[in-house]
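Some notes on the structure that comes next.
Just so it is clear: chains get the letters A, B, ... in the order the sequence lines come, proteins before strands, and each one is counted from 1.
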There are 4 protein chains.
Amino acid sequence: MPEARGGRPRDAELHSAILEVTRELLAAGSYAELSMESVAARAQVGKKTLYRRWPSKAPLVAEAVLDAYGRSGSFDVPVSTDLRADLRAWLVEHAEFIADPASAALIRALIAAAAASPADNIALYQQLSVPQHAGISARLRRAVDDGHLDAATDLDAIADALIGILLLRVLTQTPASEQPRTEFDGLLDALLDGALR
Amino acid sequence: MPEARGGRPRDAELHSAILEVTRELLAAGSYAELSMESVAARAQVGKKTLYRRWPSKAPLVAEAVLDAYGRSGSFDVPVSTDLRADLRAWLVEHAEFIADPASAALIRALIAAAAASPADNIALYQQLSVPQHAGISARLRRAVDDGHLDAATDLDAIADALIGILLLRVLTQTPASEQPRTEFDGLLDALLDGALR
Amino acid sequence: MPEARGGRPRDAELHSAILEVTRELLAAGSYAELSMESVAARAQVGKKTLYRRWPSKAPLVAEAVLDAYGRSGSFDVPVSTDLRADLRAWLVEHAEFIADPASAALIRALIAAAAASPADNIALYQQLSVPQHAGISARLRRAVDDGHLDAATDLDAIADALIGILLLRVLTQTPASEQPRTEFDGLLDALLDGALR
Amino acid sequence: MPEARGGRPRDAELHSAILEVTRELLAAGSYAELSMESVAARAQVGKKTLYRRWPSKAPLVAEAVLDAYGRSGSFDVPVSTDLRADLRAWLVEHAEFIADPASAALIRALIAAAAASPADNIALYQQLSVPQHAGISARLRRAVDDGHLDAATDLDAIADALIGILLLRVLTQTPASEQPRTEFDGLLDALLDGALR
DNA sequence: TCATAACCGAGACGGTACGTCAAGTCTTCAA
DNA sequence: TTGAAGACTTGACGTACCGTCTCGGTTATGA
């Protein structure tokens, strides 16, 4: 416990309240439309309080999104004896999360934040994708260990494909017409069974 | 021949000159750093001239990027007798385009522009992904017709996987550490040959 | 007849039509609110046509006002045997002209034009006051000649006082509460008879 | 004690600093040449700060000029036993103020400002003329009380004549040719002694 | 008669300033 | 020291006019 010598301590509840307000505004508008000013006004908070905690808009949005992502269930890859079922379950879980317009808006906002500040690009975006990649990789590696998967398989490639397909879906899906197909069987067939005759 | 009776016609050369200036500024800085004002100043153009043609920054940037994308070679999927080689060639061509820092900056700008205008959000992404999807699909369908690919294969899923992987790469790649591996053999092995033992 | 070699001659009716439109807009708004663009639009005239005839807003407004002033009756000083009656008649005539809100707006516009462009200040404003001054001076001089007025009287001072009082009235009168007193007897008493006991 | 709970208070020094800068720019150029932007730049002040205090250019200029007018001596009508001398002193004081090119520029700017905002038009002029009128009227009334002036005299008419003559002088005087005669004896002779033979 | 030349409406052009909005900092009072 | 409130500088936004220019097209003269 190094510091905080004297003075009033920071209000811990404010932190989550601000993140919540940020998410609300993000669901209502776009990343660009969200302003520090509007967050401060909606949260009934001085702008100084905002800047005391986050250096700028991008990190605030990043934390708000990742906070929601972390809180909304685990997104861990299931581990059963059926690899295909496990992967499908993981994909479906993500797809349903993405299908919620509010969640999709959050992810789009995170991408926008990353694209807007190329310096934080990595830190910001990979914070979301790296854990997913790790989870899928681990599950695949276990499948190799269990002899369910060919040892020569490029596990990273498969993980990237799964994540990439979800990413593409977030960005191109229309709020109106939800993509009905959340089965992913065709994808998993191709990835696991192969397609060449 | 509907309209434009009377009045001085718009200068067509200005259009491309402005797009070029926009690209230059985008290569030098981020989307957020680019301002309509700086474009106007650099292009020696009145701001009104900008707003006469593009309602805001986002569509201007979008057109500038897509214009460059359209002009920079075709990115058509090659058609030889070797499906795997054709797909790999297409992937490598895109990967190299993406790896070029200037191009990556343009794409990041496009993403930021899409995030800025939620209305055009999907339209913008689809403008990029739909033609690619069509190209890949067509090539795959031909492979099915030629008997090289299993007729039951989910062609859309494969196309989405290929596009998704490139998308993921754009978003996660850092300016510093270029991803060295542009082979995609592992991915194609998995997708075409299958991985399940 | 110096020039006009070849080419279509200028449309003479346009001239007065534009001046009329200018006056209409001046009656509706202020000098500052009037724009060359609005004049052109309202008169269904190209801007080039405006600038071909007047170098800028101030001269256009000046001509529009002076044109109306010149057209609206004579404002000549009457010449009877009764100096006081003549001056009062002249004052009343002016006062009634001024009491019309549209006319007052025109004069205010002329003053604004003069104040806005100090270079044309003299030319612009004195064009209005000098003829009045001359008219009054002449009438006063005649009164001196006729022996009705003391030869030592400062005729210019009296003329200035009469014009100045009208000027003050234009600028300070409220559109709502017209100044009821249009008699000017008190003023003429003071100026002609003196006030010192 | 009504309001202003919390928040940083407005900087009072900025107010006068901005007015001073406005006057400097007005002395250098015309009202039309002065821009809010130039005021902000010269005063090292954000435009928001300007617009927080004045809704537009006209009121700012008005306050700047009236502030200088109020600060530059009192222009009170002297009160001695000699009415004519007192009035002459007052006239001369004003005439000299008007003759100063810097002051003339300020007054021209005030006139332009008044013309720009038709709503404040009268208010603005009256702000200048009413106090003067009151001062002169009071002095004249005192002269009546002292028996120096005929009780039947129209005091308002005399006051208006004096103010009107100064107004005329401001408007017609050119920067180049200063009117040399600042005596006003002819005017005062006519007004006080009368001219009719 | 037919070219030449100035005119005309329309509206795009490069600029400058407008008045608004947001970013990020600073200053006050209260807790 | 934290907070809410809000003024501060800076700089971009999108709009309005300025005065100039370029279109297609008209209307007079003069070859």
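For the pair C:R52 CZ and E:dG9 P, the interatomic distance rounds to 8 Å; values are reported in whole Å. Between the P atom of E:dA22 and the OH atom of A:Y31 lies a distance of 15 Å, rounded to the nearest Å. The NE2 atom of D:H15 sits 14 Å away from the P atom of F:dA7 (whole-angstrom rounding). The distance from atom CG of C:L50 to atom C1' of E:dC7 is 14 Å, rounded to the nearest whole Å.
Every salt bridge (charged side-chain N to carboxylate O under 4.0 Å, His left out) that C:E37 has, sequence neighbours left out, goes to C:K47. Contacts of D:R53 classified as salt bridge (charged side-chain N to carboxylate O under 4.0 Å, His left out), with partners at least two apart in sequence or in another chain: none.
Between the A:E63 side chain and the A:L60 main chain, no donor and acceptor come within less than 3.5 Å of each other. Proximity of a side-chain donor or acceptor of A:K57 to a complementary backbone N or O of A:A113 within less than 3.5 Å is not detected. Looking only at distances, no side-chain donor or acceptor of B:T49 sits under 3.5 Å from a matching main-chain atom of B:V45. The backbone N or O of B:I18 lies less than 3.5 Å from a partner atom in the side chain of B:T22, making a donor-acceptor pair.
In this structure, D:T49 reaches the bases: a heavy-atom distance under 4.0 Å links it to at least one base atom across the strands shown.
Distances shown here put a side-chain N or O of B:Q44 below 4.0 Å from the OP1 or OP2 atom of E:dG15. Taking side-chain N and O atoms only, B:R10 has no distance below 4.0 Å to OP1 or OP2 of E:dG11. Within the structure, a side-chain polar atom (N or O) of B:R53 is placed less than 4.0 Å from OP1 or OP2 of E:dC13.
A rotation axis mapping the C1' atoms of four pairs onto the next four is fitted at both ends of the helix from E:dT1-F:dA31 to E:dA31-F:dT1 over five pairs, and the angle between these axes is 10° to 10 degrees.
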> What string of B, S and - do you get for nucleotides 14-20 of chain F, 5' to 3', when a contact is any protein heavy atom under 4.0 Å?
Replying inline: BB-BBBB
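Within the structure, ring-ring contact (aromatic ring centres under 6.0 Å, His included) contacts touching residues 13-58 of chain A (residues at least two apart or in different chains) are A:H15-A:W54. Listed by first and then second residue, the salt bridge (Lys or Arg N to Asp or Glu O under 4.0 Å) pairs involving residues 12-27 of chain D are D:E20-D:R23, D:R23-D:D67, D:E24-D:R42 (not counting sequence neighbours).
Across F:dT9, F:dC23, F:dA4, the shortest atom-to-atom separation from the side chain of D:L14 is found for F:dT9.
Residues D:L128 and D:I107 fail the side-chain proximity criterion, which asks for heavy atoms closer than 4.5 Å.
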